[in-house]
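One structure is given here, and the rest of the page talks about it.
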Amino acid sequence: MSAQPILPPIVIPVPSLNEERSALLARLTDGLDAAALYWISGYAAGLAARGAPALAVVPAGDRDVDVAPTRVTVLYGSQTGNAKREAERLHEALRGEGAEVRLLRADAYPLRELADERVLFVVISTQGEGEPPDDARAFVEFLSGRRAPKLEQLRFAVLGLGDSSYPQFNAIGRLLDARFEALGGRRLFARGEADVDVATVAAPWLAQAREQVRVLKPSSSVATGSAIGIAPVATTWSKEQPGSAELLVNQRITARESTQDVRHLEIAVDAGFDYEPGDALGIRPRNAGAVVERVITRLGLSGHESVRIGDEIRSLHDWLSGHRELTRLHRGFVQQHAQRAKVSALDALLAAGDAAAFNAWLGARQVDDVLQEFPGEWSAGEFVAALRPLAPRLYSIASSRKAVGDEAHLAVAVLDAQGPFGAHRGVASGFLADAEVGASLPVYLERNERFRLPADASRDVIMIGPGTGVAPFRGFVQERSALGARGRNWLFFGARHARSQFLYQLEWQAALKAGQLHRLELAFSRDQAERVYVQQRLREQGRDVVAWLEGGAHLYVCGAIAMGKSVHAALREIVITHGGRDEDGADDYLGELQRSGRYARDVY
């Protein structure tokens, strides 16, 4: 394979071809490798941009404005897949309206085209402390910088996805929305800000987008293109309709004396569940029965009351068991409860204006705690309506199908914490930990195209995954071993204690002996007086890390957001120290690794 970096797939509108053209295209591309195909798709995109059939856009309420013919672009930045999914829905909906529309991930968007963009829909998530998803960092930086072009011809709309339990809720959506306007763009309609209940905001936002596109007038026959390399892959099981998978193994893999309970799960999947290493398994959990009963008791209700939300009618018990969040609080619920509890302490907490303190208070409590600490009267219907829908949880798949067949393995840390009135347990991790072998689990596949092994199996890989962040790398090593990959594998793993929390220890040792794993760096933070983390091991091995990267290695990081930041800071230091670069040069170097797909992060 060519030594040039493998670029993200480029999406271009593809006209409907007759059989003769299809055969010609097949002959022209037969035998080309992935890099060549990606290059051709980019070249074709440029041709399409110059000569594609066009549509005239007339924004609602601005019918007298002369707007040049154009295509529509749907751009997305996604960390966990939600923004990608909504962008794909919009793409299909706009194609259904007869629009010439292209779908692009933010890191595949040609930034030079922004100045000529006429109609742009952006769907983007915010992660952590107001940060963009990894695949949108370069786009956000470009738009925020001095090189961003004037956008007087642009008509745009932004849908932001976030979690209001974080202080910087939807910060990136707000930033882009304001920046487009500051550069001269004109807003087609108001920004959407979706919370974890994405559909509540996304559905009407998408409907507005369709309404805007209905005013597009084709100037000639319009190609309703398909997306190349990025279009959604049809699967039997989905987030909306999960499948039923049998639990084959549920084994604790931390020692009994360990304070952390980590489970290794093996789940049967059907032959069509074609996951790849780096993908995640979505779990539709149910709240623990004891938690549901406590909440119903505190409400003074029976649980048999019928509650209608939209078109759905369920008993209160059913709503709380499988359809509403009880382990995660959000400000909206607390505000509504304060109106019923009429307690000055709760009113003062809401009015204080200290976002950090309030979010710490939220994080230490669950719905049951609030009902116990500040009793208040609710009707069944009002209570259900005030709660968020129970969101699925995603877990990195810890296996390769080439190694395990029709199974998907997970490494799940059971969340156990002490709340103000008793123990708290994570809804999904507890659901999985309590599941008995033979039980049916509601699951679906969440693809992660940004977290893939290099197509060139001769490339080296560096994997950094402390704790259960090591899960996808188990799948990586299995996959590379099954393929007979010539590239070397280097793993950095960390935990608190070697004796009780060295996840998959025997497997890593066997892989080292068999030559499937070439280097293993370990950091057990509590086994000595000085705290040692993976980022310290990175600094210690900095010279070799830089040498591997200069030799074409791919770098992967998986785990908590805070760890990802610390690792990135360590990488920056070693690129400066051992790569002969200054601070700006190190930032440019790491940024280019990310843009080319050689530095991928899966942080949460």
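What you see is a predicted model, and the numbers here were worked out from it, not measured in a lab. One-based numbering along the sequence shown.
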So, do [X] and [Y] have ring centers that fall under 6.0 Å from each other?
{"X": "Y556", "Y": "F451", "result": "yes"}
{"X": "W237", "Y": "Y444", "result": "no"}
{"X": "W319", "Y": "F383", "result": "no"}
{"X": "H409", "Y": "H264", "result": "yes"}

| Can you find a heavy atom in the side chain of N82 that is under 4.5 Å from one in the side chain of K239? | yes

| field | Residue pair S238 / R85, side-chain donor-acceptor N/O under 3.5 Å | value | no

| Residue pair D369 / H424, side-chain donor-acceptor N/O under 3.5 Å | yes

| query | Roughly how far, to the nearest 0.5 Å, is CD of Q501 from CD1 of I253? | reply | 11.0 Å

| query | Roughly how far, to the nearest 0.5 Å, is OG of S344 from NZ of K342? | reply | 13.0 Å

Under 3.5 Å: donor-acceptor pair, side chain of [X], backbone of [Y]:
{"X": "D434", "Y": "F431", "result": "no"}
{"X": "N287", "Y": "L320", "result": "yes"}
{"X": "H497", "Y": "R499", "result": "no"}

| said: If you compare all heavy atoms of A523 against all heavy atoms of V534, which two are closest, and at what distance to 0.1 Å? | reply: CB-N, 3.7 Å

| Which atom pair, heavy atoms only, marks the closest approach of D195 to D163? | OD1-CA, 3.5 Å

| said: By the definition side-chain contact (heavy atoms from CB on, under 4.5 Å), identify the one residue from L151, L154, L176 that meets it with L120. | reply: L154

| Do R331's NZ or CZ and the ring of F358 fall within the cation-pi criteria of under 6.0 Å and 45°? | yes

| Residue from F473, F502, Y504 passing ring-ring contact (aromatic ring centres under 6.0 Å, His included) with F493 | F502

